[in-house]
Protein chains: 2
Amino acid sequence: MPQLSPPAASAADTPRPPLSPAPVLSRRDSVVQELRRAVVRGTLRPGDKLTEVNLSETLAVSRPTIREALNQLAQEGLLVQEPYRGLRVASLEPSQILDIARTRQALDMLAVDAILEDDGGRRMTAVQECWAEYSRWENDPDPLTRHEAHVAFHRGLWAASENSMLLRMWPVTEAHLTIALAQDQAIRSDPARASVVHHHLIDALQSRDRDLIEKAFTVHTIDSARELVSIIEGKDNA
Amino acid sequence: MPQLSPPAASAADTPRPPLSPAPVLSRRDSVVQELRRAVVRGTLRPGDKLTEVNLSETLAVSRPTIREALNQLAQEGLLVQEPYRGLRVASLEPSQILDIARTRQALDMLAVDAILEDDGGRRMTAVQECWAEYSRWENDPDPLTRHEAHVAFHRGLWAASENSMLLRMWPVTEAHLTIALAQDQAIRSDPARASVVHHHLIDALQSRDRDLIEKAFTVHTIDSARELVSIIEGKDNA
DNA sequence: TGGCCCCGGAATGTCAGACAATCAAAAGAC
DNA sequence: GTCTTTTGATTGTCTGACATTCCGGGGCCA
């Protein structure tokens with residue numbers, strides 16, 4: 001049975017600078033955050049079963065609240081719900097990992113086009129700001145912090161495009177990204193490669209050369225996915 | 001205060017053929033369906049306020065269950081949640097309507113590429129099946145049935161692509177599509193135009209000519225959105 | 001021995017009722 | 001007339017309970 005910490009503690013010890021205006025997450029959001037982080041950390045692994053009463057005791061939160069959090073995560077796709085049988089941490093087939101990559105590629109390029117089309121350069125400025133934020137954390141010793149910085153960077157790109165629909169689709173995307181990375185720890189623990197790839201990304205973006213950008217995103221997204229898939233399939237055969 | 005019917009009744013009187021294997025939706029799903037349909041019917045209009053206790057009484061379902069349904073719809077984007085202040089039916093700015101159209105266009109073409117790439121023609125067969133289903137209902141006298149057929153058709157296209165990520169993104173897409181159409185009743189009540197546009201779509205798809213398909217989707221999605229926006233802006237000025 | 005049916009445990013799905021936290025606007029004080 | 005207080009409304013959360021559904025084990029019968 002995976003062990004989780006109560007959410008009240010973890011909500012306060014966020015290593016981020018005091019950027020949050022102090023909205024002190026609701027209990028439900030704390031639980032959501034705690035579960036997401038547990039997946040990133042590897043405390044919860046794809047396939048693990050979660051029960052409401054169990055989490056309720058472990059996290060010291062009532063069952064209805066836990067339930068709402070689980071429903072939210074299931075809707076995002078981080079958990080899968082089997083009616084009357086419980087919830088499990090989602091796991092992805094290789095084909096699904098490629099689906100995610102292709103879809104992200106399409107949406108990333110949609111964001112890129114919006115960013116490049118911008119008149120006053122406001123959107124590109126937003127990109128640079130979120131890149132600056134990313135670079136502050138990209139080499140953090142804590143893998144969780146690196147992951148959250150990575151996620152925030154890509155979300156920031158979509159936000160910079162000022163396309164409201166992309167932001168609405170982000171939670172689903174983030175959930176699947178998280179699962180894909182959690183699926184194989186080896187990938188997640190290669191910060192150097194991630195760093196290089198992201199530098200290429202931002203360089204390409206600043207060149208404003210669409211083809212170059214597309215290639216950089218392909219390396220980042222599609223190639224990584226293929227690599228991950230081959231690792232997983234190799235492990236299955238072993 | 002908009003009037004809604006209890007979900008138990010509406011769940012049973014679906015005019016669809018008995019295709020459902022009899023999963024008899026859970027109460028929560030019944031509430032979700034009822035609220036969605038209320039928006040499509042115009043019983044609930046963008047900006048309308050919903051309260052938990054009120055719905056609980058109207059629909060004869062307990063508050064926790066109502067709450068779960070409302071959370072789900074808020075996550076999809078059909079409702080917007082103002083903390084401690086209640087929920088309202090979402091309403092869209094013109095720029096958001098265009099964002100939705102652009103995003104759908106990108107994802108539709110992603111689906112199209114997958115369908116065209118298919119080796120055995122299985123995916124194109126799936127397209128034809130969902131087109132057949134659509135044509136059975138496209139001229140139904142009930143606008144709700146037409147809307148659900150329309151939605152099912154587009155969902156079917158994404159499903160035919162066999163891209164799992166697209167299916168996960170569908171609920172968000174459907175919610176926004178619903179709001180956009182609910183925003184102006186005039187658009188929804190032009191079944192002839194919708195029919196023509198969809199015939200063009202399917203013709204283009206069967207030609208397998210990617211450029212032709214892209215143009216057809218542009219007419220369907222982008223042009224419709226522009227039209228809707230100009231109607232809304234015209235109404236604002238009046 | 002082997003297959004079918006029934007039953008109990010376990011978990012979710014749903015309900016009722018209550019209290020605390022929060023926000024908005026009305027009521028009151030200066 | 002403006003600021004402060006109060007109050008009402010609504011959500012956020014909790015406790016406890018019951019109904020529903022699924023899985024697997026034990027008993028019955030051939």
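Letters A, B, ... mirror the listed sequences (proteins, then strands); counts begin at 1. Quick caveat: nothing in here was measured; it's all calculated off a predicted structure.
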Task: Any side-chain heavy-atom pair of A:His176 and A:Gln96 under 4.5 Å - done: no
Task: Whole-Å distance separating the CG atom of B:Leu87 from the P atom of C:dC23 - done: 16 Å
Task: Spacing of A:Leu59 atom CG relative to D:dT13 atom P, expressed in whole Å - done: 14 Å
Task: Nearest-Å distance for atom pair CG/P, residues B:Leu55 and D:dT11 - done: 9 Å
- [ ] Mark yes or no for whether A:Asp118, through its side chain, and A:Arg123, through its backbone, hold a donor-acceptor pair below 3.5 Å.
- [x] yes
TODO: Report the distance from atom CD of B:Glu82 to atom C1' of D:dA9, rounded to the nearest whole Å.
DONE: 14 Å
Open item on the list: Please report the distance, rounded to the nearest Å, between CZ in B:Arg27 and P in C:dA16.
Closed with: 9 Å
- [ ] Indicate yes or no: at least one non-hydrogen side-chain atom of A:Asp29 is less than 4.5 angstrom from one of A:Gln33.
- [x] no
Task: Pair B:Arg155 + B:Glu148, salt bridge at N-O below 4.0 Å - done: no
TODO: Take atom CG of B:Leu79 and atom C1' of D:dT11, then tell me their distance rounded to the nearest Å.
DONE: 15 Å
- [ ] Name the residue closer to the 5' end of DNA chain D, choosing between A:Pro83 and A:Asp29 according to the nucleotide with the nearest heavy atom.
- [x] A:Asp29
Task: Close approaches to DNA chain C from residues 63-75 of chain A, in residue order (heavy atom, under 4.0 Å) - done: A:Arg63, A:Arg67
TODO: Give the rounded distance in Å between these two atoms: CZ of A:Arg85 and C1' of C:dG13.
DONE: 16 Å
TODO: Report the residues that fulfil ring pair (Phe, Tyr, Trp, His ring centres under 6.0 Å) with B:Trp131, sequence neighbours left out, ordered by chain and then residue number.
DONE: B:Tyr134, B:Phe153, B:His199
- [ ] Inspect the contact between A:Glu34 and A:Arg37 and indicate whether a charged nitrogen and a carboxylate oxygen are less than 4.0 angstrom apart.
- [x] no
- [ ] Please state how far atom OH in A:Tyr84 lies from atom P in D:dC18, giving the value in whole angstrom units.
- [x] 18 Å
